[in-house]
Amino acid sequence: MTDRQDAFQTLAQKYEAETGIQVNFELYAPSEQYSQKVRAAAQGQNLPDIFGILSEKKDFSSFIKSGHIADLTPELEKNNCAWKETFFPNALRVNEFKSDDAYGVKPGIYGIPIDVMTIEMLYNKNLLEKAGLDPEKPPATWAEFIAVGKKLKELGIQGLVSGWGEIWMIDCFASNYAFNIMGKDKMLSTIRGEVAYTDPDWIKVLSLFEQMRDAGIPAVGLLTMINKTAEQVFANEKAAFAFNGSWCVNVYEGMNPNLDYAAILPPAASDQYPMMVWGGAGSSFVINDRSGEKEIAIEFLKWFTARDQQIFLANKTKNLPANKDALEGIPTILAQFADDMEYATHPSIWGVSEFPVVTEALDKGIQSIILGEKTPLQVASEVQKIKERELARKK
Amino acid sequence: MRIKSNLENYFFIMPAVVIFTVFYIIPFLWVAHLSLCDWDGILPTKTFVGLQNFKEIIIQDPSWWQSMWNAGYITLIALTLQNALAFLLALACDREIKMKNFYRVIFFIPPVLSEIVVGMVWRFIINDVDGANMINRGLTAMGFGQFAQSWLNNPKTALTTVALVHSWKGFGWGFLIFLAGLQTIPKELYEAARVDGASAWDYFKRVAIPLMVPVIVLVAILTVLGTMQAFALILGLVGGEFAGHTSVPVLRILAVMRDSSRFGYACAQGIGFGAILVAISFIQYRLSKRYRNA
Amino acid sequence: MKSAIYYRTKKVTLNLLIHLFLLSIAVTCLYPLLWMVASSLKTQEAIFSDLSLIPRQIHFENYYQAVSQSDFGRYFLNSVFYTTSVVFGIVIIASLAAYAFSRLKFPGRNIIFTIFIAAMMIPIPGSFVALFVLLNKLHLRNTPLGYILCMISVGLSMSIFLLKTFFDTMPRELEDAARIDGCSKLGIWRHVALPFAKPAIAVVVVFNALNVWNEYVLALIIFDSKNLMPLQRALMMFRGEFLTNYPLLMAGLTITALPIIIVYLFMQKYIVKGVTSGAIFG
């Protein structure tokens, strides 16, 4: 998060001026090293009063079970849920554990979101116009998307860029379409092991990537780029579509302020179920349960997520605020992201997690499909095999 | 008298042994213990599972073996191309008076740069859409346009391209050590050989190379160790494992640690990896001894 | 008998080819560095749009910004301190040990040496966490001493290995001569072995200096106080999670690469000099 250093610093100074309490912000990058640092600190009982958790829900639950994180539900529900009501429900939901979750943690909300993000499809208006299409009418269905892709290919324009060298972004895209094609229940049943990955609906999902490949939509290097590289390419107007998160607003402005683009939901492949995108809390802070300054930390977080501070943060960092009353003054493009919040979901709110080995096999399999090295059927059966192995092991 | 002598000798290795034991042996034992457990890195409880992690690595982890194979391929290229280049350059610089210092500095610039930077820069040089596509442009300019392709994005050429960039970054080290080795051969030997009527090539074959064997072995062992453990460069060049085509052991271990929180399994992978490296180096060392005594 | 002209032409052509060879390799080494420097002088947009090595507009202020925006001076001095301490420590400790492994006899010599060598080959993936917990128990976490000791340990195996190999080639006559003159073991180490192995020591210095200078992960995990962090930390300021300030990053990287190149420039003189003083080969 090191690009928010200034914003946080200013807020810290403001708080000190108001309350006399000194708040020290330490920001680290890249996030993998930061995760290591948090784990090491947890091992050494050396966590700060407030810290950010980047990891998966399962790790989050482990941290809680180890006594590192305070349960904030009582604070949030004080005064008739005064604090709780200030947030977008989805943002809180990511930090919440319910009683029917598979994680075995006492139900409650354990983290406070400070901003919100969604991951959607972006398109370049200029390039779409060049392909002879109306820039205000982007593809709304998968079929249209494929047709546009073919057009672009003929003109030699790159289709889609995204950080698909990084596995999780593929996972996001695939899961969005899974929701669209089979609906939430079936999707979650698959994770629980009740539905196999070889189910025809899943084959349909995997086939989408095959279709994309045949239409020439994946940009050259799609599978070897990290998200930053994808952002560069889109900002340089070398690709017509990008699959990226709302943080990109800040990034694109820095790289190319003249970029003319808009955000839409990924074009639906089916009209049976709604298209869902990943969204919810961007970054969240948790409170160290062993800290001696818990009350002060909580007060600070309340102030930090209050309307004025959130407006300031949103404007400074161009990220969506977690406070739902803080939307004024955000750029139009961010508003487009905010509008689609009702279609947002996130693995952290599903209550179950897929085995990481299975996810990895699925995403790597998708990479192989795009490379033309495997067929959707092959990938599906491979993934299912691994899933069955893991399920057997769990018993 | 003997005991006093021995005690004196221990004094020489004492500082190294103490530091080493505290900062390497102890963490190593901790990791070894973990490799026998199933742990997610956070919970205070660990479950002892014996050798199960190792069993799983051997029979149920094809991605691990793919990564070993890839690393082996890169290492092979390093052992041959990279070190041959380094040796030739060291020879050339040992005799050349003009611009010697200039070359010596230039060749060491690649090792100085951090791996991620090297990866980023070369990706920019090689890649088409997100870079300058220099290699292909150069090929076309020289009339070899039909060979132009997406070197880093084609699964068939990605690994070799990575191996070549790695060699580019690494030859500076071999160059340095070879040069140092060549320096220890006294000039008098060369003079003596010439006086005896031997040609430069003869001197080379009969005197210089045999004297350099220990250094060559040293470089070979260091090359294997360093190259097998490379990973940051790959991240900069291709972003990750590229559907397994550019996967290497360290990336696999990091992926396991980060994504599946199977800290114990990752430790087992690390130990297994280390064991293999030790075995390879041992074999190399033994082979070299046999060659030397022959 | 081949004529003198034949030999002359042969020599000249050979020299020419050698120079061509060296030059072409040198160009491939220089190009990425020049690209880095060129990028450091451009603006963020220009890096992607202007592909030439010579920027259309030169922005020297990127360097000023890189240095001022991040408390660069402090981090720079920290890195210098850590690097010099570690290098100094390793040269002394490793050469003492290497000399002993090569020239002195004591029980367990081979076993201990083998353990050191084996350590070189076994990477510990979770070592960062382990070291953190360890340093914590020793109350050395978040201290310069803790970091320095860790980094010395990291470089020991390789350095001992390198030095022992070179000590092995040292002619015994040199030592015998010194011993006859009444030198103690330590004296031999200091007056005979060290000077002999100057090239190897130079390599050890460069190798470890580079390692410590470029190290980042261990420092990140061990240090909490900002004013103890090394240079790489400053560079991370420009690599935020979602936005990378490329020009400043490039400027920072260029500044970071310079001191090591300078260290190398100094050390390579010793590699050149090497041992030329009448060493006898048996």
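Keep in mind the model is a prediction, meaning the values are calculated, not measured. Chain naming here is simple, since letters A, B, ... match the order of the sequence lines and numbering starts at 1 in each. Values below: every heavy atom of this structure, side chains too, minus hydrogens, waters and symmetry copies.
- Within a 6.0 Å radius of NZ in A/Lys153, other residues, nucleotides and ligands contribute 12 heavy atoms or fewer.
- Taking both residues in full, the closest heavy atoms of B/Phe23 and B/Pro27 are given as O-CG, 3.5 Å, listed atom of the first, atom of the second, then distance.
- The contact between A/Leu223 and chain B is made by backbone and side chain atoms together, counting heavy-atom distances below 4.5 Å.
- Taking a cutoff of 4.0 Å between a charged side-chain nitrogen and a carboxylate oxygen, B/Arg252 and A/Glu360 qualify as a salt bridge.
- With a 4.5 Å cut-off on non-hydrogen atoms, A/Val233 touches chain B through its side chain but not through its backbone.
- Between chain B and the residues A/Asn227, A/Asp363, A/Val220, the most heavy-atom pairs under 4.5 angstrom are made by A/Val220.
- Cation-pi geometry between A/Lys364 and B/Phe242 is not satisfied (NZ or CZ under 6.0 Å from the ring centre, within 45° of the ring normal).
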